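Structure, as structure tokens:
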Number of protein chains: 4
Amino acid sequence: MAAPKRGQILNAALGLFEAKGYGGTAVPEIAQAAGVAVGTIYRYFPTKEALVRALLADCQTRFEADVLAPVPPTATPRATFRLYWRRMAQFARSFPVAYRFLDLHDHAAYRDPSAAPQGEALTAALRDLVARGRREGAMKALDPTLVMALLRGALAGLARHASPDGVLPPARVEEMEDCLWNAVAARG
Amino acid sequence: MAAPKRGQILNAALGLFEAKGYGGTAVPEIAQAAGVAVGTIYRYFPTKEALVRALLADCQTRFEADVLAPVPPTATPRATFRLYWRRMAQFARSFPVAYRFLDLHDHAAYRDPSAAPQGEALTAALRDLVARGRREGAMKALDPTLVMALLRGALAGLARHASPDGVLPPARVEEMEDCLWNAVAARG
Amino acid sequence: MAAPKRGQILNAALGLFEAKGYGGTAVPEIAQAAGVAVGTIYRYFPTKEALVRALLADCQTRFEADVLAPVPPTATPRATFRLYWRRMAQFARSFPVAYRFLDLHDHAAYRDPSAAPQGEALTAALRDLVARGRREGAMKALDPTLVMALLRGALAGLARHASPDGVLPPARVEEMEDCLWNAVAARG
Amino acid sequence: MAAPKRGQILNAALGLFEAKGYGGTAVPEIAQAAGVAVGTIYRYFPTKEALVRALLADCQTRFEADVLAPVPPTATPRATFRLYWRRMAQFARSFPVAYRFLDLHDHAAYRDPSAAPQGEALTAALRDLVARGRREGAMKALDPTLVMALLRGALAGLARHASPDGVLPPARVEEMEDCLWNAVAARG
DNA sequence: GATGAATGAGGCTTCATTCAT
DNA sequence: GATGAATGAAGCCTCATTCAT
């Protein structure tokens, strides 16, 4: 199995970055939380910045992997839409720290400019969904980036503005899903 | 009129915080950008943190003031909804730096925990809107925080995921408004 | 008068670098010896390396200025040669720390590669001396760099190999001068 | 024969110390250059400092051994003097790295204070040479340490101030030898 | 004997804050 | 009120050394 210390470090860093921000977290703090020596961190990451970047990439990858898991081929656009939304919400509920880290922090500051713009894959999936939904008369003709903005924005908004203690209330998640579908559905 | 240096300092700080983050901006840097001496900053703000907080409060206040400007009493719920959305988008387009700063930092570690949770006033306004919309059969019965989440989330999503160069495209803004109304409207 | 702290810092650094080497001297140590705070050093020198470089340049400049002070126009080549040598030795005796620092560090890895190769001016002066000495039949036709190597080398050798406690014994200095003139004089 | 790794380590260390200085060279770097693991170095040398010291001793020993190889008993003082000088220059040309390491680096910092002062044996040889040269009327009555200073200093001066690319030009070496003999010879 | 991952003291440097002018 | 030189705590990172394999 891969070096376990690397994982410990990433884990500890995630928790601290989410709680106190990148600039507010000292490397020795991470080391202590991870149960390793300071120097050990530098065996795995050349730089504090490289560490956040790796973390960011990790979280994004996992988020996309979760959301874009295979969809039953028989699923209607309506069902597919709901699936995507629920998976996004599920991720946010299962890994609240990782989700908030992804959503809330000022990643621009340490984002690798050469990295692929985040959400590429999700946008592509939405493009397919919209195309098919439209062909079948179920959805409006919307730009996929707008749908993306709507979904991610609504989830983030929920997490920020409608979650006591940062926990997404399942009822709200379902209520929101209903609203969102109406937002993109072809008007009956 | 109030000391002009205070404004210069807040302005310079806003630009730098947005561009480089709070932790990435040094106080002397702010002083230079503001055209004042370092010590002067400490005449107006006891602490760097107090400076961000003041900035944050400023931006929030201005945002809410803009959005919650008087609404014609004759406006229908539909028109009021549109007005709110357009004003939010207008703020984001007029003061992109302030808007991004708000979006990225409103959750941040250095927020005053005792401060009133942001968006209080806007939530109240939405509560009224929903109540009236519902009475008139135009809107669904939704929790106002959910509507808040939807509006702010969608705007942030648009700014993040659908804005080349960070500029909100007016067409997208209108397209989104249409979607959002469908999200909250009573089904015909 | 110029910032006195700069001088204090250079002085303290000179003593420590000479005694313990560049790598063996910590910046806080320099600060303490100079009677200033660590941060103050960085107001005057952007880097520890910039500090050595400034020090090196300072010492070199002073050394050359001392040695190349005006020579009486009536001085014979013999007298001029003696004058140069005595001034070099005088510098080494008056500023032993600076002299040893120069001797040990002029080649060091942290020298500014773009800096003028040291000894430029002294070599030029020796070129003139040799030319005139030769015209007057007093000196051999030698390459000035060789004379330079001989003078500087002999002085350094004296300081290293023939100085109890690092103090140049005046008798040895004079004895050496006699030898050196024989080394370069035209054979009678 | 002795462990070959020891030699590899010393060799690698010599090259790196000469190029980057003692303080500028990391032990893992030496290990890599030597093709051994870090820990291995500590099998042969208890400490980084012990390593330099061993290196220094090695180089000095070899230098003295080369220079003080047997001299034909029939050799005149003139011939002996020339032999010593040529051997010194030969060493500097054959092992430029070792020579520069010996000459240029700030060994005082890590020199074993209890070690015999370097050059003991060479000084003794020069004492004999001077004594005999004087008896035979060929040389002046000079302190042997002065002769030592003159020879080593002149060679170092040549290497530093008259060697393009650090290579001693044979012509200069011979020219210098002539000068040096005049410096110490009894005046005819 | 050899290895190299792990350690943590300590080095260089930054930067929020103070205070004498 | 304004200034900016000075401060020193604290941050990031390096590297000599150890030790389990």
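Protein chains get the first letters and strands the later ones, always in sequence-line order, with residue 1 at the start of each. These numbers come from a predicted model, not from an experiment.
- No side-chain heavy atom of A:L51 sits less than 4.5 Å from a side-chain heavy atom of A:Y44.
- Between D:F63 and the choices D:F91, D:F101, D:F95, the ring pair (Phe, Tyr, Trp, His ring centres under 6.0 Å) rule is met once, by D:F91.
- Taking atom CD on C:E29 and atom P on E:dT13, their separation rounds to 15 Å, with Å as the unit.
- Considering every non-hydrogen atom in both C:D58 and C:L10, the closest pair reads OD2-CD1, 4.1 Å.
- Counting non-hydrogen atoms under 4.0 angstrom, B:Y44 reaches the backbone sugars and phosphates but no base.
- Between the NZ atom of B:K48 and the P atom of E:dA16 there is a distance of 4 Å, given to the nearest Å.
- Pairing for E:dA16 is with F:dT7, a Watson-Crick or G-U wobble pair whose two hydrogen-bonding atom distances lie under 3.5 Å.
- For DNA chain E, the neighbouring residues in residues 32-40 of chain C, judged by any heavy atom under 4.0 Å, are C:V38.
- Toward the 5′ end of DNA chain E lies the nearest nucleotide of C:V27, the other residue of the pair B:T47 and C:V27 mapping further downstream.
- In this structure, E:dG10 forms a base pair with F:dC13, meeting either the Watson-Crick or the G-U wobble geometry with both donor-acceptor distances under 3.5 Å.
- When atom types are taken as modelled, the side chain of C:Y99 and the backbone of C:A156 share a donor-acceptor pair closer than 3.5 angstrom.
- Taking CD of A:E120 as the reference point, atom CD of A:Q60 lies at 11.0 Å (rounded to 0.5 Å).
- Nearest heavy atom pair, residue A:L55 against residue A:A13, reads CD2-C, 3.9 Å.
- With contacts defined as side-chain heavy-atom distances shorter than 4.5 Å, the pair C:D103/D:R160 qualifies.
- Where DNA chain F meets chain B (any atom under 4.0 Å from a heavy atom), the bounding nucleotides read 5' to 3' are F:dG1 to F:dG4.
- Across every non-hydrogen atom of C:R6 and C:A54, the tightest pair is NH2-CB, 4.4 Å.
- In this structure, D:P28 and A:Y42 both approach DNA chain F, and ranking their closest nucleotides by distance from the 5' end singles out A:Y42.
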